[in-house]
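Here, residue 1 is the first one in the sequence, and each next residue gets the next number. All of these numbers come straight from a predicted model, not from anything done at the bench.
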Amino acid sequence: MDRVLSFIVRVVVWLSGFVKPLSRLGPCRFEAYTQGQPLKILLVGYNGARNTGADARVVALTRQLEQALGTEKAELTVMTLDRDNVAGYFPKHVRLLHFTTVFVFSLLRACSRHHVAILCEGSTLTPTFAEALCVFFCEAAGIMRRQGKPCIAYGSEVGRLNGWLAKLSSDLCRDTYFMVRTEESLHNLQALGLKGHVGTDTAWTFENSEGEDWARKYLMDAGWDGRQPLMGVAPLNPFCWPVRPSVWRWLKALVTRDFSRQYDKLYFFSDSAERRQQFERYLEAMTAATNRYSREHNAFVVILGMEQLDAGVCHILQQRIEHKHVVCTSKTCDVFQMTGLLRQLSVLLTSRYHASVLSMERACPIVAVSIDARLNGIMREVELADRYLHHATDTDLEDRIMASLQLAGEHEQEIRQTILRHLAIYKDKTTAMSQYFETWLKKQFS
């Protein structure tokens, strides 16, 4: 069905070329830039789903853009799946534009009413979580190209695409410029015949002093004595991805009234007996290692659900943790609070990429259990992969995690110095990206 969606998107992209002439007759609206007016910039991303990383990226990006362009020269609009879920994240002059997972025509309207589009989701052209997400960004890029408007991908990842998805990306994104996050993404981008250069993630400049004050008080109210080591655990279900559409599964869910594996509408999580067994082995290893470490180090455990979808996994883990602990998920804690918690930690065990990124402001030692190329990449970049990176399907996963946690304690200062050194490099790269974007924008409208 994702292929059917891609065909529909191609048709809509072609039709988008007629929006401008039709707007003169009144049935639709088209915005064309005229010299001297503020640029209307559309931030196309996966916001409003209570994904801490996705929201942190865009909050930081809007601040970077406003510093580079000023509020008088640009009007920013952030696309969101739920306005309430991002309430308070942005200044009042930043507009919020609602869309749904049935995005085809809402995206057409949004692009037609703006002068510039920024693809601001990290997983821009990666099918790890959903091929439909790639199609979403391809549509935005294709519409902007068809309407003669500039489009740029900002701090993006590009995976190894093939088949119909590679062809769609090559066709619709050929005029989009990519500032990718890694050398590997640049290589994959070039394999598609697309252009760009290496930048970094936008979340490195996410500021959060109020969230850190809140987090410390919250943890002490939850039973932390203020001196115990804080062990963070950011789990997920690595084996329920990717999300795919299925009419059959939707009809079956209607009959059985069992929507437990539904993501949204026709989209369902991947599921099989083997995947459930793999998830159980992963969870057992994460639980056992957490219990051993917290017992041996008298650590207070902070279980972190970086996306609201992780809440169920966090509550299963909570039932198995033996030591003092607290559960905090993005379902109830906003991006500032979640980041504040990450920046209190003594050590982090994570399967979430942005948990690692947002914790590094305080140079927290990290042990990663990954299914995500982004998490693999960041661990390699900060020179932690050899000792502290594992994969969710590894055998003897509990022992591997525990060995890394012990090593992290023994080499804490060395790890902190390494992270801080790379953090400075990443922040310099975000500044360079803002400068490049400003120059790029001037060329588009000169």
Side-chain angles (χ1 to χ4, degrees), residues 181-183 200-201 203-204 212 215-216 219 224-235 282 285-304 306 321 323-325 339-429:
R181 212 195 60 76
T182 65
E183 290 286 349
T200 190
D201 197 290
W204 294 113
E212 292 184 48
R216 188 169 180 83
L219 290 170
W224 179 51
D225 66 8
R227 297 182 301 277
Q228 288 172 280
L230 285 171
M231 179 188 186
V233 185
Y282 159 86
M286 295 284 279
T287 302
T290 301
N291 281 332
R292 283 172 61 183
Y293 185 88
S294 59
R295 184 170 58 249
E296 292 174 14
H297 296 268
N298 189 32
F300 188 92
V301 178
V302 186
I303 304 172
L304 297 152
M306 293 293 291
I321 297 300
H323 213 63
K324 286 184 179 179
H325 63 273
T339 305
L341 291 163
L342 285 163
R343 292 177 179 174
Q344 306 301 311
L345 301 177
S346 309
V347 65
L348 172 65
L349 172 60
T350 182
S351 292
R352 280 286 184 187
Y353 162 73
H354 272 108
S356 66
V357 169
L358 294 171
S359 72
M360 285 189 193
E361 183 68 27
R362 295 293 175 265
C364 171
I366 298 163
V367 175
V369 180
S370 176
I371 60 151
D372 189 345
R374 296 174 302 162
L375 187 52
N376 299 343
I378 194 67
M379 293 295 284
R380 285 195 294 266
E381 287 176 9
V382 298
E383 304 170 41
L384 298 179
D386 289 346
R387 292 181 169 184
Y388 307 104
L389 173 64
H390 308 287
H391 300 279
T393 54
D394 285 347
T395 56
D396 303 322
L397 184 57
E398 176 192 342
D399 292 335
R400 290 171 184 259
I401 295 171
M402 198 63 203
S404 291
L405 288 170
Q406 298 293 9
L407 274 173
E410 295 167 11
H411 298 274
E412 181 178 349
Q413 288 307 312
E414 177 188 331
I415 293 170
R416 289 184 183 278
Q417 289 170 8
T418 300
I419 288 174
L420 289 173
R421 185 174 74 252
H422 285 279
L423 186 63
I425 295 170
Y426 289 135
K427 289 189 175 182
D428 287 343
K429 284 186 176 182

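- A 4.5 Å side-chain heavy-atom check between Ile321 and Val233 finds every atom pair outside the cut-off.
- For the pair Arg343/Leu358, a side-chain contact is recorded, criterion being any heavy-atom separation below 4.5 Å from C-beta on.
- Between Trp224 and Arg216, the closest side-chain pair of non-hydrogen atoms falls below 4.5 Å.
- Here the closest heavy-atom approach between residue Ala285 and residue Ile401 is recorded as O-CD1, 4.2 Å.
- Of all heavy-atom pairs between Pro235 and Tyr282, the closest is CA-OH, 3.5 Å.
- The side-chain heavy atoms of Arg292 and Glu398, taken from C-beta on, include a pair separated by under 4.5 Å.
- Of all the heavy atoms in Ala355 and Thr350, the pair that sits closest is CB-OG1, 3.4 Å.
- Contact detail for Ala408 and Ile415: the closest heavy-atom pair is CA-CD1, 3.8 Å.
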Exercise. Tell me, with the steps shown, if Arg374 and His354 meet side chain to side chain contact (heavy atoms under 4.5 Å, CB included).
Key: CA-CA 9 Å; Arg374 296 174 302 162; His354 272 108; 4.1 Å; yes
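- Between Arg416 and Glu412 there is a salt bridge, since at least one side-chain N of the basic residue sits less than 4.0 Å from a carboxylate O of the acidic one.
- Considering every non-hydrogen atom in both Asp201 and Tyr353, the closest pair reads OD2-OH, 3.0 Å.
- Summarising the geometry, atom CE belonging to Met306 is positioned 8.5 Å from atom OG belonging to Ser356; distances are rounded to the nearest 0.5 Å.
- You'll find the side chain of Val369 stays beyond 4.5 Å of the side chain of Arg400, heavy atoms only.
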Practice problem: Carefully, step by step, assess Tyr388 and His411 under the rule side chain to side chain contact (heavy atoms under 4.5 Å, CB included). | Solution: CA-CA 11 Å; Tyr388 307 104; His411 298 274; 4.0 Å; yes
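- At a threshold of 4.5 Å between non-hydrogen side-chain atoms, the residues Ile378 and Tyr426 count as touching.
- Atom CG of Asp386 sits in a sparse spot, with 12 or fewer heavy atoms from other residues, nucleotides or ligands closer than 6.0 Å.
- With salt bridges taken as basic N to acidic carboxylate O contacts below 4.0 Å, none links Arg387 and Glu410.
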Quiz item: Going through the checks in order, is the side chain to side chain contact (heavy atoms under 4.5 Å, CB included) test met by Met231 and His323?
Solution: CA-CA 11 Å; Met231 179 188 186; His323 213 63; over 6 Å; no
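- A distance of 11.0 Å separates OG of Ser346 from NE2 of His297, quoted to the nearest 0.5 Å.
- In this structure, Glu361 pairs ionically with Lys427, as a charged nitrogen and a carboxylate oxygen lie closer than 4.0 Å.
- Once rounded to the nearest 0.5 Å, the distance linking CE of Met402 with CG of Asn291 reads 10.0 Å.
- If you take CG on Leu423 and CE on Met360, they are separated by 8.5 Å, rounding to the nearest 0.5 Å.
- Nearest heavy-atom pair across Glu381 and His422 is O-CE1, 2.9 Å.
- In this structure, the side chains of Leu342 and Cys364 stay at 4.5 Å or more apart for every pair of heavy atoms.
- Atoms CG and CG, from Leu348 and Leu230 in turn, are 11.5 Å apart once rounded to the nearest 0.5 Å.
- Counting heavy atoms from C-beta outward, Tyr293 and Val347 have side chains that approach closer than 4.5 Å.
- Put simply, the side chain of Asp394 gets close to the backbone of His391: a donor and an acceptor are under 3.5 Å apart.
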Practice problem: Verify side chain to side chain contact (heavy atoms under 4.5 Å, CB included) between Met286 and Leu397, making sure each step is shown before the conclusion. | Solution: CA-CA 8 Å; Met286 295 284 279; Leu397 184 57; 5.5 Å; no
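- With respect to Glu183 and Arg380, no salt bridge is recorded, no charged nitrogen being found less than 4.0 Å from a carboxylate O.
- Atom CG in Leu389 sits 6.5 Å away from atom CG in Leu375 (nearest 0.5 Å).
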